[in-house]
Amino acid sequence: MNTNNTLHDKILAASKEIAADKGFQAINIRAVASKAKISVGSVYNYFPDKSALLQATIADIWCDVFHRTGQCTALSSFHDCLLWLIVSIDKCSCQYPDFFASHAVCFQKTDNIEESREKMSEYLEHIHKGMKLILQKDKKIKAGIFSETFTEDDFIDFIFSNIISGLSGKDKSCSFLLKLTDKLLYD
């Protein structure tokens with residue numbers, strides 16, 4: 001067993017537990033060290049500052065949502081992918097109530113804004129690729145629906161941003177978005 005990975009994981013688990021219990025604003029190096037029952041210096045060995053710890057915590061939460069379940073890429077329809085995505089992100093926002101607000105603030109309150117944007121782009125790109133894979137393997141989608149001016153990539157970006165908007169607003173079920181997508185994609 002690699003103790004470096006184990007300690008890193010222990011730090012992130014403690015940070016996520018604090019985020020779930022008290023919100024992201026309660027995360028700091030000392031609180032995480034205390035929760036993980038390790039020294040403050042041990043946390044600093046992995047994360048040079050609070051911003052890096054917050055970014056890693058958010059990244060790990062996205063990993064929990066999209067990677068660790070393995071469900072999304074096993075789905076065969078884009079509709080089912082959207083349902084799974086909506087439920088997964090909603091569960092995340094229930095477990096971490098201030099996730100979306102903290103997410104935006106975390107990536108704006110950093111010394112290296114460009115590095116933060118790159119990390120955020122990496123998370124979103126991974127989600128995008130998974131959605132595109134399922135979109136392309138869905139045999140029930142109308143033929144010829146996408147073109148040079150109406151691309152799969154633009155469609156996925158539109159859908160994902162509207163899922164986030166719906167879940168952080170009034171339409172938690174994203175029912176209108178699902179109906180719109182079904183009308184557009186399927187006969």
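The structure places CG of L180 at 11.0 Å from OG of S175, a figure rounded to the nearest 0.5 Å. Distance check: H128 NE2 to L135 CG gives 9.0 Å after rounding to the nearest 0.5 Å. In this structure, S165 OG and L177 CG are separated by 9.5 Å, a value rounded to the nearest 0.5 Å. Going from atom CD1 of I163 over to atom CE of M131 covers 5.0 Å, rounded to the nearest 0.5 Å. The CG atom of D60 sits 7.0 Å away from atom CG of D9, with the distance rounded to the nearest 0.5 Å. Taking CG from D182 and CD1 from I141, the interatomic distance works out to 10.0 Å, rounded to the nearest 0.5 Å.
Here the side chains of L53 and S15 are in contact, with some heavy-atom distance below 4.5 Å. Counting heavy atoms from C-beta outward, I145 and F155 have side chains that stay 4.5 Å or more apart. Taking the side chain as every heavy atom from C-beta outward, L12 and Y46 never approach each other to under 4.5 Å. In this structure the side chain of I18 never reaches within 4.5 angstrom of the side chain of F24, judged on heavy atoms. Side chains of D153 and F146 form no contact here, defined as non-hydrogen atoms less than 4.5 Å apart. Within the 4.5 Å cutoff, the side chain of D21 has heavy atoms near those of the K35 side chain. When side chains are defined from C-beta on, F160 does not count as touching L82, because their heavy atoms never get closer than 4.5 Å.
Taking each heavy atom of Q25 and K50 in turn, the nearest pair found is O-NZ, 4.1 Å. Of all heavy-atom pairs between I61 and C92, the closest is CG2-SG, 3.4 Å. Contact between D138 and S77 at its shortest, heavy atoms only, is OD2-CA, 3.3 Å. Of all heavy-atom pairs between C174 and I86, the closest is CB-CD1, 3.5 Å. Heavy atoms only, all atoms of each residue included: D187 and K142 are closest at OD1-CG, 3.2 Å. In this structure, V32 and I11 approach most closely via the heavy-atom pair CG1-O, 3.6 Å.
The hydrophobic clustering, which links ILVMFWY residues whose side-chain heavy atoms are closer than 4.5 Å, places F158 and L185 together. When the side chains of ILVMFWY residues are joined at heavy-atom separations under 4.5 Å, either directly or via intervening members, W84 and Y186 end up in a single hydrophobic cluster.
Remark: K16 engages D64 in a salt bridge, criterion side-chain N to carboxylate O under 4.0 Å.
At most 12 non-hydrogen atoms from other residues, nucleotides or ligands lie less than 6.0 angstrom from NZ of K183. In F176, the CZ atom is not crowded: 12 or fewer heavy atoms of neighbouring residues, nucleotides or ligands sit closer than 6.0 Å.
Side-chain contact check for Y44 and D49: no donor-acceptor pair (N or O, by modelled atom type) lies under 3.5 Å. Between the side chains of T151 and D154, at least one donor-acceptor pair of N or O atoms lies under 3.5 Å.
Ring pair Y96/F99 is tilted by interplanar angle, where 30° to 60° counts as tilted.
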